[in-house]
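Heads up: the structure comes next, in structure tokens.
Naming: A, B, ... by sequence-line order, numbering from 1 per chain. Everything numeric here is computed off the predicted structure, so don't read it as measured data.
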Protein chains: 2
Amino acid sequence: MLTYSEENYLKTIFHLSQGQKHGISTNAIAAKIETKASSVTDMIKKLNEKKLIKYQKYQGVTLTSEGLMAAKMIVRKHRLWEVFLVEKLNFNWDEVHDVAEELEHIKSEKLINKLDAFLGYPTEDPHGDPIPDSKGDMKMINKQLLSELPIKKTAICIGVKDSSSDFLQYLDKQKISLGSKIEILEIEPFDQSYRIKINDYEITVTKKIVNNLFVKTN
Amino acid sequence: MLTYSEENYLKTIFHLSQGQKHGISTNAIAAKIETKASSVTDMIKKLNEKKLIKYQKYQGVTLTSEGLMAAKMIVRKHRLWEVFLVEKLNFNWDEVHDVAEELEHIKSEKLINKLDAFLGYPTEDPHGDPIPDSKGDMKMINKQLLSELPIKKTAICIGVKDSSSDFLQYLDKQKISLGSKIEILEIEPFDQSYRIKINDYEITVTKKIVNNLFVKTN
DNA sequence: AAATAAATTTAGGCAAAGCTAAAAATAAAT
DNA sequence: ATTTATTTTTAGCTTTGCCTAAATTTATTT
Ligand SMILES: [Mn+2]
Ligand SMILES: [Mn+2]
Ligand SMILES: [Mn+2]
Ligand SMILES: [Mn+2]
């Protein structure tokens, strides 16, 4: 049985491992979890002892297959609860993350599987992130950053890289949501600002925005 | 902000206080919470310090109005989650208590009020216990034990005193549920067994059963 | 190749919440 | 009214998860 804290470490290591070749550093974990490197070292030893991660002093850590599965189950819970909050309780997509941070630690396999069924087995959370199924499988979504999309090619907004409340509220304000049709009209060389078309109207946004929106071309 | 443990103590003191004139003893709390008396004394001091209970050495404790409200909000969460699990996720009424023990500690007023609305502002949980509203008010249900019901007087089953899984499963087996019509036909003097009528069929049950069923006469 | 900087680990402590064993206060029985 | 039993509190120790400060290892410069 994992503690609340152990679960958070596993989840964090999982997220930091995405598209990462080498082990995850102590400092990276400390920064993400907002704790001190020495605390991370302590916890790392415990997780290593429990065979949830592979760890060699000074070399960073990677999840074992057991640790990976545990992490995926936490992510599964987090994202399913987010779907519940948005779809059933009418939360806005920028309000759900913190509550899901708590709900993800509720320990009942039966609960999460029944919740999954109740929600209709969703494959993505409200921010476009994939939801692992009960076996840990998640369909990898073919996505690219808007900033990598060629000019004048239309695409569909399917996710956000940064899912902070600030960014999500900005998107609401600009009427950008998952499913919006997006096209880059031109890039201003002087300040790297982007003139983009959302559905049927045009706005100008900064580079930071296009670097945090995922799109897919159909 | 209350810790998980502080919340459990407040809730326990609340439950032990029901229909109780004097303060709640250290041992009573220890027994209910399954811990040692010395641990209870430690926690009691903390809760007293935070002005959530009134405490004088060796005299037992009572909730302050602030502590009472905090306790009611935990009970509210517990019971609303139980309704959710039964009504929306199709849990059986004997399976929900332990999960609700965890869910009751999720800290978001917005969440619980939205859940309340989603469920249609229920006033009772799946075991017939009243659910406090967002102000802490709960309608007191006019109930009596089946054992106190006069012979040959029909009543409706509206709650259980013991809500252990064992008892609830027994009731399922005997097809007794909330809303069932109940009548005591006769009491066998020899072994104190009860011949009772549930809706339209008759069964014999022990004294222990009739001592744990709440009914109301209309 | 040293010297310096950065990252990581160790050592030593702290607070929360539990425990056991002993002391003190209250209640019950003679 | 003592004595005995029960309840409650205190004292001291443990584990988890965190911290600061110091030591050590690895990485980067000169
Ligand atoms: Mn989230
Ligand atoms: Mn978390
Ligand atoms: Mn319950
Ligand atoms: Mn609880």
Between B:Ser164 and B:Asp162, is the side chain to side chain donor-acceptor pair (under 3.5 Å) condition met? List the steps. CA-CA 6 Å; B:Ser164 70; B:Asp162 173 359; 3.1 Å; yes
Just do the ring pair (Phe, Tyr, Trp, His ring centres under 6.0 Å) check on B:Tyr4 and A:Tyr4 with the steps written out, would you? CA-CA 12 Å; B:Tyr4 191 104; A:Tyr4 192 104; 9.1 Å; no
Residue A:Tyr58, side-chain heavy atoms: nucleotide from D:dT10, D:dT26, C:dG18 that is nearest: D:dT26
NA contact type, B:Thr26, heavy-atom cut-off 4.0 Å: base, sugar-phosphate, or nothing? sugar-phosphate
Are any of A:Ser5's side-chain N or O atoms less than 4.0 Å away from OP1 or OP2 of D:dT16? no
d(CE, B:Met43; C1', D:dT8) in whole Å: 17 Å
Could you check whether B:Tyr4 gets within reach of a base, just the sugar-phosphate, or nothing at all, counting any heavy atom under 4.0 Å? nothing
Under 4.0 Å between a side-chain N/O of B:Tyr9 and OP1 or OP2 of C:dA16, yes or no? no
Find out whether the Lys NZ or Arg CZ of A:Lys208 is both under 6.0 angstrom from the six-membered ring centre of A:Tyr170 and within 45° of the ring's axis. no
Before accepting this row, confirm whether a basic side-chain N of the pair B:Lys107/B:Glu7 lies closer than 4.0 Å to the acidic partner's carboxylate O. yes
Could you state the CD-P distance from B:Glu49 to C:dA15, rounded to the nearest angstrom? 15 Å
Please report the distance, rounded to the nearest Å, between CG in B:Asn48 and C1' in D:dT9. 14 Å
Specify the separation, in whole Å, of atom CD of B:Glu6 and atom P of C:dG18. 10 Å
Using a cut-off of less than 4.0 Å, is there contact between a side-chain N or O of A:Ser39 and OP1 or OP2 of D:dC19? yes
Ignoring backbone atoms, test whether A:Lys57 places a side-chain nitrogen or oxygen under 4.0 Å from the OP1 or OP2 oxygen of C:dT10. yes
Counting side-chain heavy atoms from C-beta on, which of C:dC19, C:dA17, D:dC18 comes nearest to B:Lys46? C:dA17
Is any side-chain nitrogen or oxygen of A:Thr41 closer than 4.0 Å to OP1 or OP2 of C:dT9? yes
For D:dT30, which nucleotide in any strand shown is its Watson-Crick or wobble partner with both distances under 3.5 Å? C:dA1
For B:Ile44 and D:dT8, give me the distance from atom CD1 to atom P, rounded to whole Å. 9 Å
Candidate list B:Lys50, B:Lys11, B:Lys46, B:Lys45, test salt bridge (Lys or Arg N to Asp or Glu O under 4.0 Å), partner B:Glu6, passing option: B:Lys50
Between C:dC19, D:dC18, D:dG17, which one does the side chain of A:Asp42 approach most closely? D:dC18
Rounded to whole Å, how long is the line connecting atom CD of A:Glu7 with atom C1' of D:dG17? 15 Å
Calculate the interatomic distance between A:Ile24 atom CD1 and C:dT8 atom P; express it in whole Å. 11 Å
OP1 or OP2 of C:dA6 versus the side-chain N and O atoms of A:Asn27: is any pair under 4.0 Å? no
Write down the distance between CE (A:Met1) and P (D:dT15), rounded to a whole number of angstrom. 21 Å
Phosphate contact (D:dT20 OP1 or OP2) by A:Lys36 side-chain N/O below 4.0 Å: yes
Quick one: is D:dC19 close enough that its OP1 or OP2 comes under 4.0 Å of any side-chain N or O from A:Thr35? yes
With a 4.0 Å cut-off on N to O distance, would you call B:Arg76 and B:Asp116 a salt bridge? yes
When the nearest nucleotide of DNA chain D is assigned to A:Ser38 and to B:Gln56 on a heavy-atom basis, which residue is associated with the more 5' position? B:Gln56
